Protein chains: 2
Amino acid sequence: MTKSITLNDIAIKLNVSKVTVSKALRNHPDISENRRREIKSVASQLGYIPNFVARNLSSKKTRTIGVIVPVIANSFFADIIESIYNCAFKNDYNIILAVSQEDSEKERKHLETMLSMRVDGVIISIAEHSENKDFFNIIKKRGIPIVFFDRTIDEKEFSSVTLSNKDGAFKAVQKAIENGYSKIGHIAGWKDSNIGRDRYRGYKQALKKSGIKLNSDWVLFSGFGKKDGYDSFMKMHQENKLPEILFAVTFPVALGIQEAAKEVGVNIPKDLDIICFGDSKLNDYLNPSISCVTHNTTEFAEAAFNLLLKQINAGDKFADEHLEIETKLLLKETCIKNIKDTK
Amino acid sequence: MTKSITLNDIAIKLNVSKVTVSKALRNHPDISENRRREIKSVASQLGYIPNFVARNLSSKKTRTIGVIVPVIANSFFADIIESIYNCAFKNDYNIILAVSQEDSEKERKHLETMLSMRVDGVIISIAEHSENKDFFNIIKKRGIPIVFFDRTIDEKEFSSVTLSNKDGAFKAVQKAIENGYSKIGHIAGWKDSNIGRDRYRGYKQALKKSGIKLNSDWVLFSGFGKKDGYDSFMKMHQENKLPEILFAVTFPVALGIQEAAKEVGVNIPKDLDIICFGDSKLNDYLNPSISCVTHNTTEFAEAAFNLLLKQINAGDKFADEHLEIETKLLLKETCIKNIKDTK
DNA sequence: GTGAAAGCGCTAACAG
DNA sequence: CTGTTAGCGCTTTCAC
């Protein structure tokens, strides 16, 4: 077990001070080209590995950002994490990952840990029912930049990057109307979550624009997971309140609907059509694949990361920003009434 | 921007030394029940958040482990990460995540970063062509425990947790034989990777046991991703060298085969049957779903984490261990020749 | 039980 | 350009 070598070891060997070594290794302009080369060569020859813990303590920067997501084994978040991860790597930042598992308390704990680890910033997509509003304020007061993505809190004093939730939902529902549907239901997300609320708004707006009255029998509010879609469908089905088409608040919800429908022999899209907000790698393997509102993951992740970076670099004099990433309607094998009709 | 409060602030407020506060907060037996309660109450009232950077520097422990995987947006690794993540959380460890993207150099960089961050240990699944053998030795010499999982290096002086690769492959191929196939091909992984090599061994052994001669026309070596499966199938197809059934080294490879087959009008499982090592959430949505060798993700992740933990706690006097996680054959809608025959 | 002293390895600020 | 001084906030002896 070799003792790990320090700045001092290099300094002694070269008969310079450890400050000089430190500067040389960090390419500080103070040090001459020659010295630097010399020092670096000795460092690598000795197998020097800087101690970031010490560096971070003294510099009060960690070049580490915390990323908190509600789930990870989910194509949407896995993809985003991978993208954020790439951005971080390119910019020489490290990532501490945490998963809240939709649990507000765990989320809180992770945030505390990240503060303790002195991350330079946090990117977070909050849990379904996050109750950490006050804690986000504490973080802010400490001067730690925080960027909310996808699932945000409502306070406008926090930077956020979201999808164009309302607009995307609007486009989806409008397409359903265009395709001849008028009995349009919505398996919606919790209204206290921005994505639930805004997609619901888009849904309502599209109906309104076409003069269709909202039938509350066809609207159910719950979570964003597969099970929520499954349960909601089953409820509507049992109560015999199925519309012609359901607009699902997320892809997993649509997946749950599809699974439930299959189970009780409701054919999609013949007996019940669906469309949803959000795509997945899985979609192309579904039968039928689901027409959906989609987005560019890389663009989304980069926006969040760059916003955080900007905020980190700006320090106090940063004004919060709220970015919205454009969404597109992607037509696949559902939401196709006209097509069926003309066959 | 509030100044962050330190041990000292609490100490002053209570007129004790910061050592006492430090001990109380860490439940050190030195401190009396009363004092501890008092101190903790003041700490929380002041909104004290410990500075792990300082703590880590002085204690030389970080309660952080590094996890390196080749990819993340892949059901196998996403699931494992989530499971490892859960273990870590339960045991009060933090995770630094890194993705090598199958790139040996990135892998190396990540390892260095983790050493610099002074992680207490590393769990890694190496890149397809990792050339960091010497670096793993450096890590070991530094006394940093490292556990390889799934994709390991061959050196026996490193702890590892793998699936029962040879045995699983054997079972899969034997099932193909049982079902009446004799022309059995293998889209194999690189032979220099343990999973490629061992699954290939299982394949050969199953053939041998039944007295079937291996036909090298039907065996192709490449990587572990979807594209590799796609390309391999295309090659065999163009050269008109397709067997009756292909055993794919991983699920993504099988997926690639399926996609390619569809493209050129080869029906699976009628014209060409398949079976593979490894399952995926996606599998149930495939048509046909693929019979495969599967495992228990939680068991796998826990084994890796616990082994690392054991190693961390044991310090120098730890002897390397090599665990193998049992695999099972899961029959779905492929590898069904007999079923077809008897129809 | 409590605390004073020493230092983890590094960097910031300043002086030469 | 180079080096000295002084910590960063905490834990670890070890003495009381």
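Computed over heavy atoms, backbone and side chain alike; hydrogens, waters and symmetry mates excluded. Because the structure is a prediction, the values reported are computed rather than measured. Sequence lines set the chain letters: A, B, ... in the order given, protein chains first and strands last, and positions in each chain run from 1.
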Report task. Could you check whether the rings of B/F76 and B/F300 sit parallel, tilted or perpendicular, using 30° and 60° as the cut-offs? Result -> tilted
Query raised in the report: Should the pair B/W190 and B/H129 be assigned to parallel (<30°), tilted (30 to 60°) or perpendicular (>60°) ring geometry?
Result: tilted
Query - Spacing between A/E38 atom CD and D/dT2 atom C1', to the nearest angstrom - result: 13 Å
Query - Minimal non-hydrogen separation, A/E107 against A/S100, with atom names - result: CB-CB, 3.9 Å
Query raised in the report: Between A/S116 and A/T113, do the side chains contain an N or O donor and an N or O acceptor separated by less than 3.5 Å?
Result: no
Requested in this report: Mind calculating the distance between NZ (A/K61) and P (D/dC8) to the nearest angstrom?
Outcome: 16 Å
Show me, pair by pair, the donor-acceptor contacts under 3.5 angstrom made by side chains of residues 6-14 of chain B, not counting sequence neighbours?
| unit_1 | atom_1 | unit_2 | atom_2 | d |
| --- | --- | --- | --- | --- |
| B/T6 | OG1 | B/N8 | N | 3.2 |
| B/D9 | OD2 | B/K3 | NZ | 3.0 |
| B/D9 | OD2 | B/T6 | N | 2.8 |

Query raised in the report: Given atom CD1 of B/I31 and atom P of C/dG3, what is their separation to the nearest angstrom?
Result: 8 Å
Query raised in the report: Distance check: side-chain N/O of B/S17 vs OP1/OP2 of C/dA4, anything under 4.0 Å?
Result: no
Query raised in the report: Once each nucleotide of nucleotides 7-16 of chain C is scored for protein heavy atoms under 4.0 Å, what B/S/- sequence comes out, 5' to 3'?
Result: BBBBBBB---
Query raised in the report: Are OP1 or OP2 of C/dG1 and a side-chain N or O of B/R35 less than 4.0 angstrom apart?
Result: no
Report summary line: Of all heavy-atom pairs linking B/H322 and B/K156, the shortest is NE2-O, 2.9 Å
